[in-house]
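Numbers restart at 1 for each chain; the letters A, B, ... are given by sequence-line order, proteins then strands.
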There are 2 protein chains.
Amino acid sequence: MSTKGNEPMSAEPVSTTEGVVPRTFAVLEALTRSPEPMRLSALTLRLGLQKSTVHRILAGLIGLDYVQQNAETGCYSATLKLWELGANVITEHPIKRAASGFLQELQRVTGETVSLVIRAGDDVLYLDKMISPRPIRFTTRIGSRVPAPLTAGGKAILAHAPDAQAVLERTAAGIGGKRRLDVAALTVELQEVRERGYAMASYQPGVVGFAAPIMARGPEAAAAISVSAPAERVDEKGRQEIIEHLLSTCASMAEQVGRL
Amino acid sequence: MSTKGNEPMSAEPVSTTEGVVPRTFAVLEALTRSPEPMRLSALTLRLGLQKSTVHRILAGLIGLDYVQQNAETGCYSATLKLWELGANVITEHPIKRAASGFLQELQRVTGETVSLVIRAGDDVLYLDKMISPRPIRFTTRIGSRVPAPLTAGGKAILAHAPDAQAVLERTAAGIGGKRRLDVAALTVELQEVRERGYAMASYQPGVVGFAAPIMARGPEAAAAISVSAPAERVDEKGRQEIIEHLLSTCASMAEQVGRL
DNA sequence: GCTATCGTTCCGTCATGTGGAACGTTGTTC
DNA sequence: GAACAACGTTCCACATGACGGAACGATAGC
């Protein structure tokens, strides 16, 4: 289809010739994934669609108030209306609702950044986060995904998942060269996690994470809570304290969720 | 929750015969507005569309993973993927980013529920909230809208808005019988708010709210922070303390935002 | 058992989305 | 200052895909 020789790794070929709706969401996904507003040409290139097609879709989205166009630069970005749409989904989420108070308290007693994650396929999804008042520069954001085996929260959940092995293998296969995944070692580690009740990881360099699962109703983990801190801030004593608070928080929360 | 679905005024006539995309979003909006999963018939009635049309749209959304169908009940609901889409919008929002730490601190020192709102048309939009650890039963949720003149946060913003009068009038006209809006009294009140720097309201019965604007860059309020508490918990002394903390928090935040 | 309601599928018609190409605008280079 | 390039927008003939009525199946209620 392309008359031009080289298309960078742009695509996401939108596979077959699809209809408006899938393309509309592809546009929105592209827009929301980009940190800055995007130009039309960037979108067409990213999506592999015609200029006129993308333009028409954008015009429709602007009419619906889901997209706005910067008057000067002409760049497009998603509006808060899109956020409103999604926000109503999560406020109904039972885990998120139940966790809020516990996260707040755990953040207070540890002084570090705490997160709530659930499993989404082979990834973990960050449902909520309360950042440490002390300066840090984490980049994991609420609503983002990370392959489960890379994070403490993911390990805590996988340790109680029947298909953990498959997840490890799929993730190992899917991850590029620089970050190899040692499936055998992780299998052993998950066993340890299951025994001692919490997981550790260092997904981001210089940051250590501790996480424990929320074991409510059934043998699988409904979610996990994690505490993240700069490695140099956590000595052995601090580690002990964090884990203690983490485990008691998760136990309390599991009890409450179980009662619902 | 009792009468959650307003049957009589059901429509939202979708005006003219529109295309797929607007209707698709209408479906999503209806789904996310409803606290519980919806049946197909409820959706068709709510939207005034044909069964087959809604069904087709839902099938498309399910294929895109934005909607799921409960296997037993057959009811439809939006998935977390929709939330993910919107979540990325707000994490880029400068106000929300800047406010996070301040909200947390304000929640800590007051012990009450604090919220961050911005103006959206004639409404305020709840961007963030940190709930009080003590038991309360507020129902304003993140991502929801409320007519600005009804809330403390809205008054704080309107007090510095050039078109405040118009907002008051439109809102008074739009609001039904039970909750009348006294435009004249509110006009006077906005003047007071402007002078003393904070606003008060009792949008929900038994709950008092205090709010102050974030005056960063320019004469208009970029946002407002509010503190809400059960009326019986706030005596004169507590009121003073809350307002003091509130004003200093907003001033600090405005300074930081202005520097960005 | 029969009937009312709901969800799903089918299909002929026609509205609408489609992509190429032409046009207008901005900003960069020599 | 002219020529060019990249980008955004508009236009149009064509056929794809959306539309809604109706028919079909499956439940639940009386």
Side-chain angles (χ1 to χ4, degrees), chain A residues 1-8 10-31 34 36-64 66-78, chain B residues 4-5 7 10-28 30-31 34 36-64 66-78:
Chain A
M1 44 169 63
S2 71
T3 55
K4 307 189 170 187
N6 48 358
E7 303 199 344
S10 63
E12 225 182 288
V14 194
S15 56
T16 62
T17 43
E18 311 188 58
V20 226
V21 178
R23 289 176 174 182
T24 297
F25 281 101
V27 167
L28 284 177
E29 286 172 18
L31 279 180
S34 160
E36 309 99 30
M38 293 182 79
R39 336 190 106 258
L40 176 64
S41 56
L43 274 169
T44 62
L45 198 130
R46 179 95 176 66
L47 301 170
L49 297 173
Q50 290 292 118
K51 279 191 299 183
S52 53
T53 301
V54 178
H55 187 263
R56 187 168 2 98
I57 288 172
L58 284 169
L61 285 170
I62 289 174
L64 292 168
Y66 284 110
V67 165
Q68 60 196 357
Q69 183 174 21
N70 185 310
E72 301 155 18
T73 65
C75 289
Y76 298 90
S77 57
Chain B
K4 59 102 193 166
E7 311 286 18
S10 64
E12 220 175 298
V14 194
S15 57
T16 62
T17 43
E18 310 188 58
V20 222
V21 178
R23 290 176 173 181
T24 297
F25 282 101
V27 167
L28 284 176
L31 279 180
S34 160
E36 309 98 29
M38 292 181 80
R39 339 193 102 258
L40 177 66
S41 55
L43 275 169
T44 62
L45 197 131
R46 180 96 177 64
L47 301 169
L49 297 174
Q50 291 291 116
K51 276 191 301 183
S52 53
T53 302
V54 177
H55 187 263
R56 187 168 3 98
I57 289 172
L58 285 169
L61 286 171
I62 289 173
L64 292 168
Y66 284 109
V67 165
Q68 61 197 355
Q69 183 174 22
N70 185 310
E72 301 156 17
T73 65
C75 290
Y76 298 90
S77 57

Spacing between B:Ile57 atom CD1 and D:dA18 atom P, to the nearest angstrom: 10 Å

Figure out the CG/P separation between A:Leu45 and D:dA6, and round it to whole Å. 13 Å

Give the rounded distance in Å between these two atoms: CG of B:Leu58 and C1' of C:dT9. 15 Å

Judged by nearest nucleotide, the residue sitting upstream toward the 5' end of DNA chain D, A:Gly74 or A:Val21, is A:Gly74

Closest to the B:Val20 side chain: C:dT8, D:dC19, D:dT9? D:dC19

Measure the shortest side-chain to side-chain distance between B:Tyr76 and B:Gln69 over non-hydrogen atoms and say whether it is less than 4.5 angstrom. yes

Looking at every heavy atom in both B:Lys51 and B:Leu40, which two are closest together, and how far apart are they? O-CD1, 4.3 Å

Answer with base, sugar-phosphate or nothing: what part of the nucleic acid does B:Ser41 contact at a heavy-atom distance below 4.0 Å? sugar-phosphate

Base, sugar-phosphate, or nothing: which does B:Arg56 touch, judged by heavy atoms less than 4.0 Å apart? base

Roughly how many Å is it from CG in A:Leu61 to P in C:dG17, rounded to a whole number? 12 Å

Between C:dT8, D:dG20, C:dT18, spot the one nearest the side chain of B:Gln50, thanks. D:dG20

Rounding to a whole Å, what distance do you find between B:Leu43:CG and C:dC6:C1'? 13 Å

Quickly work out the B:Glu72 CD to C:dG7 C1' distance and round it to whole Å. 17 Å

Using the side-chain heavy atoms of A:Ser52, tell me which of these nucleotides is nearest: C:dT9, C:dG17, D:dC11. D:dC11

I want to check something: taking the side chain as every heavy atom from C-beta on, are A:Leu49 and A:Leu43 in contact at a cut-off of under 4.5 Å? no

Rounded to the nearest angstrom, tell me the gap between atom CG in A:Leu40 and atom P in D:dT9. 7 Å

May I ask you to verify if any side-chain N or O of A:Thr53 is less than 4.0 angstrom from the OP1 or OP2 atom of C:dT18? no

Would you indicate whether the side-chain heavy atoms of B:Leu31 and B:Leu61 approach each other to under 4.5 Å? no

Phosphate contact (C:dC6 OP1 or OP2) by B:Tyr76 side-chain N/O below 4.0 Å: no

For B:Val20 and B:Arg23: C-alpha separation, side-chain torsions, deciding distance, then whether side chain to side chain contact (heavy atoms under 4.5 Å, CB included) applies. CA-CA 5 Å; B:Val20 222; B:Arg23 290 176 173 181; 5.8 Å; no

Can you tell which of D:dC7, D:dG20, C:dC6 lies closest to the side chain of A:Arg39? D:dC7

Taking the minimum atom-to-atom distance to the side chain of B:Arg23, which one of C:dC6, D:dT9, D:dG20 wins? D:dG20

B:Glu18 has an atom CD; how far is it from atom C1' of D:dA18, in whole Å? 14 Å

Kindly say if B:His55 contacts the phosphate of C:dT8, meaning a side-chain N or O under 4.0 Å from OP1 or OP2. yes

